[in-house]
Protein chains: 2
Amino acid sequence: MEMDERKTKILQAIIRNYLETGEPVGSRTISKYTDLNLSSATIRNEMADLEEMGYIVQPHTSAGRIPSDKGYRFYVDTLMEAKEREVADMKDMLLERQDRLEDMLKSVVKILAKDTQYATMITAPMTHLNKLKFIQLSRVDSNHLLAVVVIEGNMIRNRMIEVSEEIDDETMLKLNMLLNTQLNGLAIEEINLSMVAKLKQQAGIHSGVIGDVIDEVVETLSEDKDLEVYTSGTNNIFKYPELADNESARKLITAFEEKEVLGDIIQNSEPGEETGIQVYIGGENANTNMQDCSVVTATYDLGDGMKGTIGIVGPRRMDYDKVVGTLKSIKTKLDDLYRKE
Amino acid sequence: MEMDERKTKILQAIIRNYLETGEPVGSRTISKYTDLNLSSATIRNEMADLEEMGYIVQPHTSAGRIPSDKGYRFYVDTLMEAKEREVADMKDMLLERQDRLEDMLKSVVKILAKDTQYATMITAPMTHLNKLKFIQLSRVDSNHLLAVVVIEGNMIRNRMIEVSEEIDDETMLKLNMLLNTQLNGLAIEEINLSMVAKLKQQAGIHSGVIGDVIDEVVETLSEDKDLEVYTSGTNNIFKYPELADNESARKLITAFEEKEVLGDIIQNSEPGEETGIQVYIGGENANTNMQDCSVVTATYDLGDGMKGTIGIVGPRRMDYDKVVGTLKSIKTKLDDLYRKE
DNA sequence: GTTAGCACTCATTAAAGTAGAGTGCTAATA
DNA sequence: TATTAGCACTCTACTTTAATGAGTGCTAAC
């Protein structure tokens, strides 16, 4: 049996209706809902077919139908019309362009959660592929040095280093020069052992300090592998009965608390062809805690290889049109934001 | 009517039992539970008295009694024996003394949540009373300066500053000198307008940049008013039926997501006499979202006026002995940690 | 002052009955 | 051949009723 136009229309009507109400939809409803002018009996026959094909299921005999994962998938792939949607407040916010990326991300998830009424998350752009732009070593007090590392894209990392020997101003200057001339422009993968040895040699009697510093720099650079994830609107899950029961809620809250888990989910999402947007429906999610819900992710790109991901988590019956539309719009904005200049 | 020893014993027995089971306790249970050798009828009479005095309540006629807020209060104030409790893992962790305070705090809440099975939170030590220790201004690229500010206690803040005019090395050196000689050792409150004016004057043609920098510095220093709060074990609330229903859970999750709210709660807690530990039972909580639960806070002190707060949130019938004991122990450890040296 | 005994209350649970939504199937219709 | 009206059937959700039992308050006896 294959999908004809009428079946498609009916399936669409079922899904649309179910997205709205959250109740199984019956044949009579569809008979009136659509402009097909078919009796409920005919619809019933078609629905039996759709069920056989696996697009819809019955929670129990004598209930209406609800979309299966396959049904949603069909809807998302071929039926959905996601128009870019303006998000209020977002525009102003992005125009201001907070100088702290962190604050910007926090604002984005927050606005997104408020706008969509789902739980949202966003990862800071990954930087471990990036290049060292600038290192500054300063003496804070007699036995503490401060290493500030700036990475391409102006991400800043700093680190206190304890030193046993006191270091005079002249040496500081020399060390700074050394570090900057040798390391700038390198990606972390390029900092290998032989280079470290060379640096240490050049540092002479201060090779110990240089060693420490480089260790710290490398660690600093690799450290954002446990990348930051910001979340918002977790409480929105209580708006959807299918997620609000004790067990599901616990699972989700746990997942949202353990940012590492979130990071995995969000990071493993394929960039998703041309759009950069991916939809994972129910069982399609790799993470077991997420198989009761749907996750939509969007990869944004701030240029210089700095990519991050936005994720929206809601019930299976989430408003895919709206969510995808919103994400498209935000993705575009973020992509444009830094690239323009 | 006043509290005699027998009433006290009975009240204690009721509370202990209720803390364990979460079920209203009846007179017969107490009659067997205690070593008073009294019949249930006698207990009933005493319980009627205790109810009249407001220490216990009946959910409904023909149910046993449960402690009222007043009852818990009495228990916490005079009946509880909180012995310091070792927390596994904690010791090792603190000995290592992560160089990033942030990581340390994250570990603490995590371990605490795992140990107590309640939801936990911790604030980073407040620094806004602290003094500027060190400022470093560096040129990152032609139109970006990086300001790194180190505060007493080695808290680091940094900030990118956009400048229109390019600044040469010599000027950078001068500006750095100027900033450090003039501002070091000052608390934020001491940086006033006349001082800023003076600095600008001294900076001559670069007064614009100096102005920007000072603005940023001041903002940077004040910025940790929206202080960091780390949380863990939020999902533990689902372990306690009285908090796990939809409405209560939503409230709590929301509170835990909005760190500002948490910050208020945790910050407004009185240091709590000699122990530094405070217990807020049910309605005693100022925040409306928290009135279904109990909150125990402890103020820790890393020296140099750097104080932070730990909070544990659980049901009214939380194991106060354990929680207070644990907090005492951790508080001591944290207090000692940095002070020793 | 303490306790045994008893009537009473009320939440909880189970069982039974009712209503209604929706289906599948059949036979009639266009 | 496709569509539809009609009907018996199914199953959930809700309401009602009854049974159970834990626990109380009170009284009278010890």
Side-chain angles (χ1 to χ4, degrees), chain A residues 1-11 13-15 17-18 20-68 71 241-242 244-245, chain B residues 1-11 13-18 20-68 71 241-242 245:
Chain A
M1 197 176 322
E2 80 274 7
M3 211 60 173
D4 56 18
E5 189 181 332
R6 197 168 75 177
K7 282 192 174 48
T8 304
K9 269 196 174 169
I10 291 175
L11 178 56
I14 293 173
I15 294 181
N17 194 287
Y18 185 67
E20 266 180 40
T21 65
E23 299 285 309
V25 314
S27 52
R28 231 178 85 83
T29 313
I30 298 300
S31 162
K32 286 184 295 181
Y33 195 95
T34 59
D35 53 354
L36 292 168
N37 282 330
L38 292 172
S39 77
S40 60
T42 313
I43 303 288
R44 272 202 290 286
N45 290 327
E46 294 287 44
M47 279 165 94
D49 290 352
L50 284 169
E51 178 159 15
E52 202 183 325
M53 289 188 276
Y55 292 107
I56 53 181
V57 290
Q58 257 180 314
H60 54 268
T61 16
S62 90
R65 308 301 214 288
I66 64 177
S68 66
E242 58 265 54
D245 72 291
Chain B
M1 195 177 322
E2 80 274 8
M3 211 62 174
D4 56 17
E5 189 181 330
R6 197 170 73 176
K7 282 192 174 51
T8 305
K9 270 195 174 169
I10 293 174
L11 178 57
I14 293 173
I15 294 180
R16 284 264 164 78
N17 193 286
Y18 185 68
E20 266 179 39
T21 64
E23 298 287 308
V25 311
S27 52
R28 227 176 90 82
T29 314
I30 298 301
S31 162
K32 287 184 295 182
Y33 194 96
T34 60
D35 52 356
L36 291 169
N37 283 329
L38 292 172
S39 77
S40 61
T42 313
I43 303 289
R44 271 203 289 286
N45 289 328
E46 294 287 42
M47 279 167 95
D49 291 352
L50 284 169
E51 178 159 16
E52 201 183 326
M53 289 189 276
Y55 291 106
I56 51 181
V57 290
Q58 259 181 314
H60 55 266
T61 13
S62 89
R65 307 300 213 290
I66 64 176
S68 66
E242 59 265 55
D245 73 290

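Lettering of chains follows the sequences in order, A, B, ..., and the numbering in each one begins at 1.
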Quiz item: Where along residues 60-68 of chain A does a heavy atom come under 4.0 Å from DNA chain C, residue by residue in number order?
Solution: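 Output list: A:Ser62, A:Ala63, A:Gly64, A:Arg65.
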Quiz item: Counting only non-hydrogen atoms, which of residues 35-42 of chain B are less than 4.0 Å from DNA chain C?
Solution: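 Output list: B:Asn37, B:Leu38, B:Ser39, B:Ala41, B:Thr42.
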Protein-nucleotide distance ([X], atom [atom1]; [N], atom [atom2]), rounded to Å:
X       : N      : atom1 : atom2 : answer
B:Asn45 : D:dA28 : CG    : P     : 15 Å
A:Arg6  : D:dT4  : CZ    : C1'   : 12 Å
A:Ile43 : D:dA2  : CD1   : P     : 16 Å
A:Arg44 : D:dC9  : CZ    : C1'   : 13 Å

Self-check item: Pairing annotation in dot-bracket form, given for DNA chain D with Watson-Crick or G-U pairs under 3.5 Å and | for cross-strand partners
Solution: ||||||||||||||||||||||||||||||
Check whether any side-chain N or O of [X] sits under 3.5 Å from a backbone N or O of [Y] as a donor-acceptor pair, and report yes or no.
X       : Y       : value
A:Ser68 : A:Val57 : no
A:Thr8  : A:Asp4  : yes
B:Glu46 : B:Lys7  : no

Quiz item: Mind checking which nucleotides bracket the chain B contacts on DNA chain C, 5' to 3', with an atom under 4.0 Å from a heavy atom?
Solution: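 Reading along DNA chain C, I get C:dT2 to C:dA11.
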Practice problem: Carefully, step by step, assess A:Gln58 and A:Ile66 under the rule side chain to side chain contact (heavy atoms under 4.5 Å, CB included). | Solution: CA-CA 6 Å; A:Gln58 257 180 314; A:Ile66 64 177; over 6 Å; no
Self-check item: Selection: residues 46-59 of chain B, any non-hydrogen atom under 4.0 Å of DNA chain D
Solution: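 Of all residues in residues 46-59 of chain B, the ones placing a heavy atom under 4.0 Å from DNA chain D are B:Met47, B:Gln58.
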Quiz prompt | Chi angles and distances behind the side chain to side chain contact (heavy atoms under 4.5 Å, CB included) call for A:Arg65, A:Tyr55 | solution = CA-CA 10 Å; A:Arg65 308 301 214 288; A:Tyr55 292 107; over 6 Å; no
Quiz item: Among side-chain atoms of B:Arg44 and B:Ser27, is any donor-acceptor pair under 3.5 angstrom?
Solution: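 Per modelled atom types, B:Arg44 and B:Ser27 side chains form a pair under 3.5 Å.
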Practice problem: Step by step, work out the side chain to side chain contact (heavy atoms under 4.5 Å, CB included) result for B:Asn17 and B:Thr29. | Solution: CA-CA 9 Å; B:Asn17 193 286; B:Thr29 314; 3.7 Å; yes
Practice problem: Check each of B:Thr34, B:Leu36, B:Asp35 against B:Leu38 using the side-chain contact (heavy atoms from CB on, under 4.5 Å) test, and report the only one that passes. | Solution: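 Of the listed residues B:Thr34, B:Leu36, B:Asp35, the side-chain contact (heavy atoms from CB on, under 4.5 Å) partner of B:Leu38 is B:Leu36.
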Quiz item: For B:Thr61, which residues count as a side chain to side chain contact (heavy atoms under 4.5 Å, CB included) partner, sequence neighbours excluded?
Solution: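 None.
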